[in-house]
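Just so it is clear: chains get the letters A, B, ... in the order the sequence lines come, proteins before strands, and each one is counted from 1.
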Amino acid sequence: MRSSGGSWGRILGRSFYARPTVEVARDLLGCYLVHGTRAGRIVETEAYLGLEDRAAHASRGLTPRTGVLFGPPGHAYVYLIYGMYECLNLVAEPAGTPGCVLIRALEPVAGLDGERPVGPGRLTRAMGISRRHNGADVTQGDLVVRRPPHPERVRIVTTPRIGITHCSDWPLRFFVDGSRFVSRVSTRIAEISRNAE
DNA sequence: CAATAGATCATCT
DNA sequence: GATGATCTATTGC
């Protein structure tokens with residue numbers, strides 16, 4: 001696999017991420033998360049916004065931890081949750097504006113050796129992603145996202161986000177309709193629509 | 001099935 | 001010192 005013509009498509013560049021967080025979250029569905037020889041197809045995401053979104057880390061403002069969220073788009077934000085699991089986010093919006101997309105579930109594609117990359121804490125474990133990737137540029141290097149040459153046209157289901165206490169009604173969770181690899185399907189559905197590809 | 005408890009620690013108050 | 005964008009095992013119906 002070469003960087004331009006690999007079987008998993010072209011690497012998503014900075015401009016893909018420098019857009020409204022919700023757009024990025026929806027458009028990431030169907031793309032491939034690739035770390036070394038491991039790869040998975042993104043089938044579930046959540047958008048986390050800025051100061052107005054009390055569920056987002058960025059709502060606390062600029063702190064040592066949240067610095068990446070206020071930085072340039074196309075970087076990884078990885079943090080430890082519940083002392084035990086690590087969550088992978090991709091920073092969106094232009095530099096200076098916070099916003100990120102939590103990757104919640106992957107469909108296994110390569111190198112995962114039977115581990116089910118479903119759920120934010122499990123997929124990082126399966127993909128070998130950890131806090132060492134915090135701040136890493138995902139438009140180049142060993143951790144990247146690729147868009148397939150001919151993306152499958154899918155239905156996108158929109159629901160409230162999972163596992164949060166604030167803003168728990170905001171419809172900011174997106175998943176590929178019908179995928180077996182979604183963390184929880186039985187949530188009340190806000191909307192079903194189609195993606196652009 | 002659904003509901004609950006426990007593990008475990010960086011971050012912020 | 002409390003909290004939390006989780007997961008697993010266990011209990012209870």
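Heavy-atom minimum distance, A/Ser59 versus A/Asp53: CB-O, 3.1 Å.
Look at A/Arg104 and you'll find a side-chain N or O under 4.0 angstrom from OP1 or OP2 of C/dT6. An OP1 or OP2 oxygen of C/dT8 is reached within less than 4.0 angstrom by a side-chain nitrogen or oxygen of A/Arg122. For C/dA5, the OP1/OP2 oxygens have a side-chain nitrogen or oxygen of A/His57 closer than 4.0 Å.
Within a 6.0 Å radius of CZ in A/Arg132, more than 12 heavy atoms belonging to other residues, nucleotides or ligands are found.
One can place CZ of A/Arg184 at 9 Å from P of C/dT6, the figure rounded to the nearest angstrom. The distance from atom CD of A/Glu115 to atom P of C/dT8 is 10 Å, rounded to the nearest whole Å. Rounded to an integer number of Å, the gap from A/Tyr48 OH to C/dG4 P is 12 Å. When the P atom of C/dG4 is taken as reference, atom CD1 of A/Ile162 falls 17 Å away, rounded to whole Å. Atom pair A/Ile164:CD1 and C/dA5:P shows a separation of 8 Å (rounding to whole Å applied). When rounded to the nearest whole Å, the span between CE of A/Met84 and C1' of B/dG6 equals 8 Å. Rounded to a whole Å, the NE2 atom of A/His166 is 10 Å from the P atom of C/dT3. Remark: C1' of C/dA5 and CZ of A/Arg54 are 14 Å apart, rounded to the nearest angstrom.
Residue A/Arg131 is classed as a sugar-phosphate contact, given heavy-atom separations below 4.0 Å to backbone atoms only. Using a 4.0 Å heavy-atom criterion, one finds that A/Gly83 contacts the bases of the nucleic acid, with or without backbone contacts as well. Using a 4.0 Å heavy-atom distance criterion, A/Cys167 is classed as making no nucleic acid contact. Across all strands, A/Leu80 comes closer than 4.0 Å only to sugar-phosphate atoms, never to a base (heavy-atom distances).
Minimum atom distance to the side chain of A/Arg65 is reached by B/dT11, of the listed C/dC7, C/dA5, B/dT11. Considering only side-chain atoms of A/Asn89, the nucleotide from C/dT8, C/dA5, B/dC12 that sits closest is C/dA5. Proximity note for A/Ile81 (side chain, C-beta onward) versus B/dA10, C/dC7, C/dG4: the nearest is C/dG4.
Taking the six-membered ring for Trp and the full ring otherwise, A/His57 and A/Tyr79 have centroids separated by under 6.0 Å.
At a threshold of 4.0 Å, the pair A/Arg161-A/Glu46 does not count as salt-bridged, since none of the basic side-chain nitrogens sits closer than that to a carboxylate oxygen.
Applying the Watson-Crick and G-U wobble criteria (two distances, each under 3.5 Å), B/dT11 pairs with C/dA2.
With the nearest nucleotide of DNA chain C identified for both A/Arg125 and A/Thr165, A/Thr165 has the one nearer the 5' end. Across the interface with DNA chain B, nearest-nucleotide mapping of A/Tyr85 and A/Thr63 shows A/Tyr85 to be the residue nearer the 5′ end.
Taking only distance into account, the side chain of A/Tyr82 never meets the base of B/dA7 through a donor-acceptor pair shorter than 3.5 Å.
At a threshold of 4.5 Å between non-hydrogen side-chain atoms, the residues A/Ile129 and A/Leu143 count as touching.
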- request: Step by step, work out the salt bridge (charged side-chain N to carboxylate O under 4.0 Å, His left out) result for A/Arg14 and A/Asp137.
  value: CA-CA 9 Å; A/Arg14 193 86 52 214; A/Asp137 186 351; 3.0 Å; yes
